[in-house]
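Everything on this sheet refers to the single structure shown next.
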Amino acid sequence: MSIYDTLNDMQKEAVFHTEGPLLILAGAGSGKTRVLTHRVAYLIEEKGVQPWNIMAITFTNKAAGEMKERVQNLVGFGSDQIWVSTFHSSCVRILRRYIDRLGYENHFTIYDTDDQKSLMKDVFKRLNVDTKVYKERNILAQISKAKNDFISPEQFASDNQFDFTKKKVVECYKLYQELLKSNNALDFDDLLVKTVELFQNNQDVLDYYRERFKYIMVDEYQDTNTVQFKFISMLAEEHRNLCVVGDDDQSIYKFRGANIKNILNFESVFTDAHVIKLEQNYRSTQSILNAANEMIKNNTERKAKTLWTDRGDGEKITFKMVDFAQQEAVYVAESIKKYVEEGKNYKDCACLYRTNAQSRLLEESLMRYNIPYKIVGGVNFYQRKEIKDILAYLKTVNNGVDDLAVRRIINVPKRGIGSASIDKIQEYADTNGISFYDAARDERCLEHIGRSASKVKSFVDLIQVLRTKNEFIKVVELIDEVTEVTGYIRELEADNTDESKERIANIEELLTKAVDYQMKAEEPSLNGFLEEVALVADIDSLDPESDYVVLMTVHSSKGLEFPNVYLCGMEDGLFPSYMSISSDDPLDIEEERRLCYVAITRAMDTLHISCAKQRMVRGETQYNKMSRFVKEIPMELLDTGMKKAQSPEKEKRRITRPTQASSARDIINSKAFEPRQFKVTKLTGLEYAEGDRVKHIKFGEGTVVTIVNGGRDFEVTVNFDKVGVKKMFASFAKLKKL
DNA sequence: CTCCTTTGTCTTTTT
DNA sequence: GACAAAGGAG
């Protein structure tokens with residue numbers, strides 16, 4: 001009996017095939033992580049491969065951590081020598097050692113999206129770009145696309161030399177790169193690009209890593225882009241032991257430059273590649289798989305596969321259509337409540353949606369029902385103002401070359417250094433070819449700026465003191481020092497609002513993370529901390545120990561599984577998104593369908609699909625049809641909740657019931673559970689009485705005729721001047737007394 | 001220089 | 001509808 005006996009035949013084949021290129025087409029839930037971990041174990045224990053000769057690349061830090069842990073359980077000895085990490089952190093590790101060969105300093109900083117945007121703003125200013133014509137986001141997207149395809153600014157220029165619309169973009173790309181370099185910074189895409197450049201120009205470095213990584217494995221291969229492909233194929237070229245695992249049906253990151261051809265054409269690039277399909281699913285019921293299979297069949301660009309399981313049919317998929325988006329949220333909350341009352345756990349439930357904006361309604365509803373929840377994604381912890389401010393201080397202390405960071409905090413908290421002074425310092429820096437911080441330190445520069453000079457001086461002194469201290473103290477203490485000396489915390493405390501309290505809590509959270517880092521890291525350093533912080537995704541913070549419902553986008557849910565899944569907002573225009581419907585490229589819809597496939601296959605036991613006829617999007621009401629994807633699921637797999645109705649008469653009634661009333665009822669019901677801490681207008685005691693003049697948002701002004709206490713809510717009858725008598729629920733009508 | 005109001009953009013998804 | 005950026009008043 002060996003550890004490999006638990007694998008099925010196909011999985012075994014994948015594990016035992018260790019030499020040469022291997023493509024594993026692993027359907028959702030087919031145990032690909034098991035295969036990967038067992039393969040690592042097999043390499044070490046049966047093939048005598050040294051652990052440090054193995055590299056495994058995953059998509060998220062979380063996946064990397066999980067894989068490490070599972071390998072550890074299988075192998076035990078030496079597993080910490082295996083290089084298990086994401087593309088980005090692998091590259092950072094390599095670049096920290098060798099990037100000086102490309103003329104950067106080894107302690108470079110990593111720019112996130114916000115930093116990129118500010119830098120691009122700077123570029124626009126310097127190039128006199130009309131912000132009415134060009135958008136930072138748009139230009140950055142084009143640059144990112146170029147980088148993902150490994151196109152340098154020069155190449156990009158010559159590719160587009162006859163395209164006048166691209167002329168500005170070309171200039172921006174060039175200057176953007178120059179500024180990044182002078183700030184000693186790399187953006188996310190650069191991490192890959194620079195590593196590949198490093199390999200191309202330094203044979204010795206490439207040889208070193210080729211020798212080191214004799215066996216390479218890549219997870220989520222369908223989401224790799226061209227640079228990433230270059231990166232791994234360069235590394236694997238000599239030993240050719242490249243094993244990639246992926247599912248073309250789960251390729252959902254085209255917008256980020258993922259090249260689905262990497263997986264579809266793997267066999268034509270590596271002609272001797274062995275291909276293995278894993279189609280047995282160990283996660284979901286057959287009903288769920290059937291739904292997923294039937295839907296994904298509608299895609300043209302895919303390698304045919306059909307998932308199956310021996311788990312049995314299981315329950316049908318519930319489908320619920322409601323009138324208003326609010327009701328959908330209530331429905332989900334009630335359903336979760338029932339689920340938990342059956343003795344099950346919150347943490348087994350997940351609410352998935354297409355866009356982050358949808359989380360709000362769900363959040364409010366879950367709150368009312370006292371259901372613990374956690375939102376993944378949205379505004380990333382590290383994107384919050386206070387966190388970015390503190391980190392900018394740390395960056396400035398660590399590396400005064402990052403102009404963005406310095407400019408961000410030179411007047412935070414306010415110390416009387418306005419934009420005029422900042423501009424002057426920048427000007428001085430530019431003309432003398434030095435960094436912003438060095439300019440601020442320069443006596444001669446300060447002469448130009450008059451009154452604020454002393455203030456700039458004291459800022460510089462502050463940083464210098466922190467720098468000196470940094471030599472002796474830990475990261476945690478440095479953060480404490482920063483928040484203390486600058487008066488950052490004091491200012492927030494003085495504010496004493498809910499918001500400022502939350503900010504302080506966030507800063508404390510950052511301190512916890514720093515302590516965490518301090519204990520975990522082999523050689524803790526300020527630089528190391530900043531680096532780790534730059535590469536974490538929100539999904540990495542999911543804690544399997546605590547019991548809460550998880551809310552996230554379908555994108556974030558990739559690679560996860562939950563016994564009970566709610567798929568919300570299944571409406572045409574939302575999912576599939578309006579963008580993909582109106583696109584002239586039919587492949588855009590296919591990408592959405594794959595996304596939907598990912599969503600459905602997250603579910604293990606039960607899946608609930610819901611949609612609303614009416615919903616507010618971007619401040620305007622939208623009326624959407626049920627998603628076309630739902631229609632692609634065979635009816636017999638769906639439980640619409642209609643069956644129990646005995647007579648067709650009854651059926652008809654529930655459909656034609658006035659929408660306002662039913663929606664009001666749901667909202668009232670939801671309020672019955674409302675714990676005290678939430679600010680919702682109390683139902684007892686209306687601000688108006690019979691005979692009062694009131695105003696309704698839609699019907700205009702009118703006179704209250706009667707108010708009837710209907711138990712949970714008041715039923716108000718109003719005679720409106722323009723539209724006549726209307727009956728409505730008080731909590732829903734939101735009448736204002738005049 | 002700071003604070004307040006107005007205006008505009010966003011919403012598709014993220015390492 | 002929410003939030004950031006820009007513009008104007010003090």
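Just so it is clear, the structure is predicted and the values come from calculations on it, not from any experiment. Residue numbering restarts at 1 for every chain, and letters A, B, ... go by the order of the sequence lines.
Computed from coordinates, the A:Glu592 CD to B:dT12 C1' distance equals 7 Å when rounded to whole Å. The interatomic distance linking A:Asp114 (CG) with B:dT14 (P) rounds to 14 Å, in whole Å. If you measure from atom CG of A:Asn356 to atom C1' of B:dT12, you get 9 Å, rounded to the nearest angstrom. Taking atom CG of A:Asp189 as the reference point, atom C1' of B:dT14 lies 11 Å away to the nearest angstrom. For the pair A:Lys145 NZ and B:dT13 P, the computed distance is 20 Å after rounding to whole Å. The nearest whole Å value for the distance from the NZ atom in A:Lys62 to the P atom in B:dT14 is 15 Å. Atoms CG (A:Asn61) and C1' (B:dT15) sit 9 Å apart, rounded to a whole Å. In this structure, the CD1 atom of A:Ile410 is 11 Å from the P atom of B:dC1, given to the nearest Å.
Looking at A:Leu366 and A:Leu551, their side chains come closer than 4.5 Å, going by heavy atoms from C-beta outward.
Residue A:Lys414 has its side chain nearest to B:dT2 when only B:dT13, B:dT2, B:dT15 are considered. Of the candidates B:dT15, B:dT13, B:dT2, the closest approach to any side-chain atom of A:His555 belongs to B:dT13.
For the pair A:Ser556 and B:dT13, the criterion of a side-chain N or O lying under 4.0 Å from OP1 or OP2 is not met. Between A:Thr553 and B:dT12 there is no side-chain N or O to OP1 or OP2 distance below 4.0 Å. Applying the 4.0 Å criterion to OP1 and OP2 of B:dT15, one finds that A:Asn225 has every side-chain N and O outside that range. A close approach under 4.0 Å does occur between a side-chain nitrogen or oxygen of A:Ser421 and OP1 or OP2 of B:dC1.
Counting any heavy atom pair closer than 4.0 Å across all strands shown, A:Asn411 reaches sugar-phosphate atoms only and no base atom. Nucleic acid contact class of A:Leu574 (heavy atoms, under 4.0 Å, all strands): none.
Proximity of a side-chain donor or acceptor of A:Asn411 to a complementary backbone N or O of A:Gly418 within less than 3.5 Å is not detected. Here the side chain of A:Ser583 pairs no donor or acceptor atom with the backbone of A:Met579 at under 3.5 angstrom.
Nucleotides of DNA chain C lying under 4.0 Å from heavy atoms of chain A occupy a range whose first and last members, 5' to 3', are C:dG1 to C:dA5.
Legend: residues meeting side-chain hydrogen bond (donor to acceptor under 3.5 Å, both in side chains) with A:Ser627, ordered by chain and number and at least two apart, are absent. Among residues two or more places apart in sequence or in another chain, the salt bridge (charged side-chain N to carboxylate O under 4.0 Å, His left out) test is passed with A:Glu561 by A:Arg283. For the side-chain hydrogen bond (donor to acceptor under 3.5 Å, both in side chains) test, no residue two or more places apart in sequence or in another chain qualifies with A:Tyr517.
Taking 4.0 Å as the cut-off between side-chain N and carboxylate O, A:Asp247 and A:Lys32 do not count as a salt-bridged pair. With salt bridges taken as basic N to acidic carboxylate O contacts below 4.0 Å, one links A:Lys388 and A:Asp115. Look at A:Glu509 and A:Arg503 and you find no salt bridge, because none of the NZ, NE, NH1 or NH2 atoms lies under 4.0 Å from a carboxylate O.
Comparing the C1' positions of C:dA5 and B:dT12 gives an interatomic distance of 23 Å, to the nearest angstrom.
Stacking here means ring centres nearer than 5.5 Å and ring planes tilted less than 30 degrees, and by that measure A:Phe255 stacks onto B:dT13.
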Under 3.5 Å between N/O atoms: give me all the protein pairs with nucleotides 5-11 of chain B, atom names plus distance.
| residue | atom | partner | partner atom | Å |
| --- | --- | --- | --- | --- |
| B:dT11 | OP2 | A:Arg137 | NE | 3.3 |
| B:dT11 | OP2 | A:Arg137 | NH1 | 2.7 |
| B:dT11 | OP2 | A:Arg137 | NH2 | 2.7 |

Pairs under 3.5 Å (Watson-Crick or G-U), crossing ones as [ ], inter-strand ones as |: DNA chain B comes out as ||||||||||.....
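The residue among A:Leu595 and A:Lys455 whose nearest nucleotide of DNA chain B is located toward the 5' end is A:Lys455.
For the side-chain hydrogen bond (donor to acceptor under 3.5 Å, both in side chains) with A:Glu571, the qualifying choice from A:Lys625, A:Gln614, A:Lys613, A:Arg615 is A:Arg615, the only one to do so.
A cation-pi arrangement is absent between A:Lys194 and A:Tyr104, since the terminal nitrogen or guanidinium carbon is not both under 6.0 Å from the aromatic centre and inside a 45° cone about the axis.
Remark: the A:Arg354 side chain and the B:dT13 base include a donor-acceptor N/O pair separated by less than 3.5 Å.
Applying the 6.0 Å contact sphere to NZ of A:Lys145 captures no more than 12 heavy atoms from other residues, nucleotides or ligands.
Checking A:Arg407 against A:Gln426 by side-chain atom types alone, a donor-acceptor pair falls below 3.5 Å.
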